[in-house]
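Shown next, in C-alpha cells, is the structure this report addresses.
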Amino acid sequence: MQERNVDIAIIGAGTAGLGAYNAAREYTDSVVLIEGGPHGTTCARVGCMPSKLLIAAADAAHHARHTTPFGIRIEGDVQIDGRAVLERVRRERDRFVAGVLQSVEGIPAGDKLKGHARFEAPRSLRVDDHTRVTAERIVIATGSRATYPDFLRAAGDRLVINDDVFEWESLPESVAVFGPGVIGLELAQALHRLGVRLRVFGVGGALGPLSDERVRDYADSALNEEFYVDPDATIEEIERHGDSVAVTFVERDSGERLTEHFDYLLAATGRQPNVDRLGLEHAGLALNDRGIPVFGHYNLQCQNADESPSHIFIAGDANSELPLLHEASDEGRIAGENAGRFPQIRTGVRRAPLSVVFSDPQIAIVGLGYAGLESHHGGCGCMAIGEASFEDQGRARVMRVNKGVMRVYAQHGSGLFLGAEIFGPQAEHLAHLLAWSLQQGMTVTQMLAMPYYHPVIEEGVRTALRNLNASLQFGSAIRERCMEHGPGD
Ligand SMILES: Cc1cc2nc3c(=O)[nH]c(=O)nc-3n(C[C@H](O)[C@H](O)[C@H](O)COP(=O)(O)OP(=O)(O)OC[C@H]3O[C@@H](n4cnc5c(N)ncnc54)[C@H](O)[C@@H]3O)c2cc1C
Ligand SMILES: NC(=O)c1ccc[n+]([C@@H]2O[C@H](COP(=O)([O-])OP(=O)(O)OC[C@H]3O[C@@H](n4cnc5c(N)ncnc54)[C@H](O)[C@@H]3O)[C@@H](O)[C@H]2O)c1
C-alpha cells in the first residue's frame, strides 16, 4: 500500500471535481484528483451532450415530416437510418469527451490517482487497494448514478438506463420508458421521433420538473397528442419474454388491461448521489435522512456529527441539491476555493435557479418553481400569478410552434419578479431572460420597460408579464392586444 500526504484530495474528476481541482490549485501545489471510473465527465460521456445530439437528430426527422402545412412537400417517406443517427451521436459525443480528456491530460501526472476512494477516517482515504491518501481537506465530487425500483429488474437483460441508449448500434423497434422525468421525457420524445414505438409510464402524476398544475396539465395533453405518456400508470406485470419484455398495464384512456412487448425497458426513474459507497460512516460527518452529508448551500462545507464545521466539502450531483451541469461547475469551484482557503471560508456566488428540459415544446423552470414559491409566499396570499398562452402568439404561429403556456409569479406589494414555469417554444431562451431578470432583482414593471422586438416569441413573455402586472394590481389588463402592440404579440 502506497502512502500519500496532500493538502487537498478531490474525489471524482467530473465537472465538479475538475472545477474544484483548478480552484484548489490556486492555493496549493499539493492536490490529488482521484477518479474511479473513466475520465471525460458524465455530461460529455452519457449525459447532456449525447442526449442533446439524439434530440437534434429527432428534431431533424420531425421537421422533415412536417413541411406540408408550409406548402412544401417532400416526396416519399422520411427514412431514418438508425445506425447513422447513433454513429453521429457517438462521433460528436467523442469529440466533446476528447476535449475534456485533453484538459485532464494537462494535469500533472503526480496530481492524478486512479481508483475508487473510501473514507477510513475523517482525513484518510483508501484508494482501491493500492494507496492510502492522508489529506488536510477533502472535496467529495462523486456525481450520481441512475437508480430504479426493484420490480423493473424483471426485465432482465432488457433493462437499460440512459448510458446504454447511446451505445446501441442501431435503433430498436420499441421501448417502454419508465419515468416521465427530465431524462425520460427527453429520451422518449427523441426515440419516438426517430420512429421507435414507445409508451411512457410514470408514478404519482409527476411530469418533468413541472409543479404548476396548469402548466403540467397542458404539457400532459400536448405531449399525449404525440406519444403515449401516463404520468400515473397502473403497471400489473413486467416479464422477460423471448427477446423482449412484456409489460401488462391499464391503458390510460380506455381503461383496458393490455400486455405489450417491447425490445427494451428504459429505466429513467431518477438518480442517486454516489455517496453510499464512500464509507461516510468513517468521515465523522452529519448525514441527512438520505445519507447525504449536511452542507452549506453557499460554501459547500459539510458539517461534523457534533455540528462543528468540517474540513470536507461536497459539490455537484453528489450533494443532490441542484443536479445540473452549471451548478456542478459553480459548486466545484466554490468547494475547491474553500478547501484551498480553509479555515477561512468564503460564501460563493450562487445564481438564480434555472432549469431547462429539451423536449418539444421545451420545459423551463425559473426560480423556485410554483411549488417552491407556494411554500414561501403562498399561504399569506403574497404571490401574484400571470399567464400567457402560446397558441395565438404571433411568431409562434408563423413558425407553427404555437403550443404551450407559461405562468409567471411575482410578490404582491413589491412587484418583485419571483419566477416562472414554461411549457412552450424556445423556452430555453425565454427562461434565460427571466432568470437574468430574477437575479437582477427586477420588478415586473422594470421588466416591462425593457425592449421587445416584433415579431418575436419574447412578446409572449411580455403578455404574461402584463397579465401578472394586472394581477399585482399595478397596471391595467390587456384590452386590445393587437392594437396596443404588433399583430399577434
Ligand atoms: C442523460 C442525462 C442528461 C443530462 N442533461 C443535462 C442537461 O442538458 N443540462 C444540465 O445542466 N444537466 C444535465 N444533466 C446533469 C449533468 O450531467 C450533471 O448534473 C453533471 O454532469 C454532474 O457533474 P458532477 O461533477 O457532479 O458528476 P460527474 O460528472 O458524474 O463526476 C463524478 C465522478 O466521480 C467519479 N467517482 C464516483 N465515485 C467515486 C469514488 N468513490 N472514487 C473516485 N471517483 C469516484 C465518477 O466516476 C465520475 O467520474 C444530465 C444528466 C444525464 C444523466
Ligand atoms: N435538460 C436537463 O437539464 C437535464 C436532462 C437530464 C437530466 N438532468 C438532471 O438529472 C436529474 C435526474 O433526472 P431523472 O429524469 O433521472 O430524474 P427525475 O427526478 O427528473 O425523474 C424521475 C421520474 O421517474 C418517476 N418515477 C419514479 N419511480 C417510478 C416508477 N416506479 N415508475 C415510473 N416512474 C417512476 C418520477 O415520478 C419522475 O417523474 C434531473 O433532476 C436533472 O437535474 C437535467
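Both ligands and their constituent atoms are indexed starting at 1 by order of listing.
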Quiz item: Quick one: does NZ or CZ of R137 land under 6.0 Å from the six-membered ring centre of F342, within 45 degrees of the ring axis?
Solution: no
Quiz item: So which heavy atom in the protein is nearest atom 27 (O) of ligand 1, and how far is it from that ligand atom?
Solution: G143 CA, 3.3 Å
Quiz item: Heavy-atom distance from atom 27 (C) of ligand 2 to the protein below 4.0 Å?
Solution: yes
Practice problem: Could you tell me the residue and atom name of the protein heavy atom closest to atom 51 (C) of ligand 1, and the distance to it rounded to 0.1 Å? | Solution: G47 CA, 4.0 Å
Self-check item: atom 30 (C) of ligand 2 [closest protein heavy-atom partner, distance rounded to 0.1 Å]
Solution: T269 CG2, 3.8 Å
Quiz item: Which bit of A268 gets closer than 4.0 Å to ligand 2, counting heavy atoms only: side chain, backbone, both or neither?
Solution: backbone
Practice problem: Among all protein heavy atoms, pick out the one at the shortest distance from atom 9 (C) of ligand 2; state its residue, atom name and that distance to 0.1 Å. | Solution: P323 O, 3.3 Å
Quiz item: Which protein heavy atom lies closest to atom 19 (O) of ligand 2, and at what distance to 0.1 Å?
Solution: G270 CA, 4.5 Å
Quiz prompt | Closest to atom 35 (C) of ligand 1 among E35, R271, H39 (heavy-atom distance) | solution = E35
Exercise. May I ask you to check whether N319 and E331 show a side-chain donor-acceptor distance below 3.5 Å?
Key: yes
Quiz item: With atoms numbered from 1 as shown, which atoms in ligand 1 lie under 4.0 angstrom from a non-hydrogen atom of I34?
Solution: 43 (C), 44 (N)
Exercise. Flag V182 as yes when one of its N or O atoms lies below 3.5 Å from any N or O atom of ligand 2, and as no otherwise.
Key: yes
Exercise. Among all protein heavy atoms, pick out the one at the shortest distance from atom 31 (N) of ligand 2; state its residue, atom name and that distance to 0.1 Å.
Key: P149 CG, 3.4 Å
Self-check item: Check: S310 main-chain N/O paired with Q301 side-chain donor or acceptor under 3.5 Å
Solution: yes
Practice problem: Could you list the atoms of ligand 2 found under 4.0 angstrom from a heavy atom of F358? | Solution: 1 (N)
Quiz item: For ligand 2, is there an atom lying under 4.0 Å from some heavy atom of F151?
Solution: yes
Quiz item: Can you check whether L278 has an N/O within less than 3.5 Å of an N/O in ligand 1?
Solution: no
Quiz item: Could an N or O of ligand 2 be found under 3.5 Å from any N or O of I183, whether backbone or side chain?
Solution: yes
Practice problem: Check step by step if side-chain contact (heavy atoms from CB on, under 4.5 Å) holds for I238 and T248. | Solution: CA-CA 6 Å; I238 293 171; T248 303; over 6 Å; no
Exercise. May I ask you to list the atoms of ligand 2 that are less than 4.0 angstrom from any heavy atom of F201?
Key: 33 (C), 34 (N)
Practice problem: From the options G181, G205, G208, select the one whose nearest heavy atom is closest to atom 23 (C) of ligand 2. | Solution: G181
Quiz item: Nearest protein heavy atom to atom 4 (C) of ligand 1, by residue and atom, and its distance?
Solution: C48 N, 3.4 Å
Quiz prompt | Nearest non-hydrogen protein atom, atom 12 (C) of ligand 2 | solution = R271 CD, 3.8 Å
Quiz item: Is it true that E169 and R83 make a salt bridge, defined as a side-chain N closer than 4.0 Å to a carboxylate O?
Solution: yes
Quiz item: Looking at ligand 2, does G202 have a heavy atom less than 4.0 Å from it?
Solution: yes
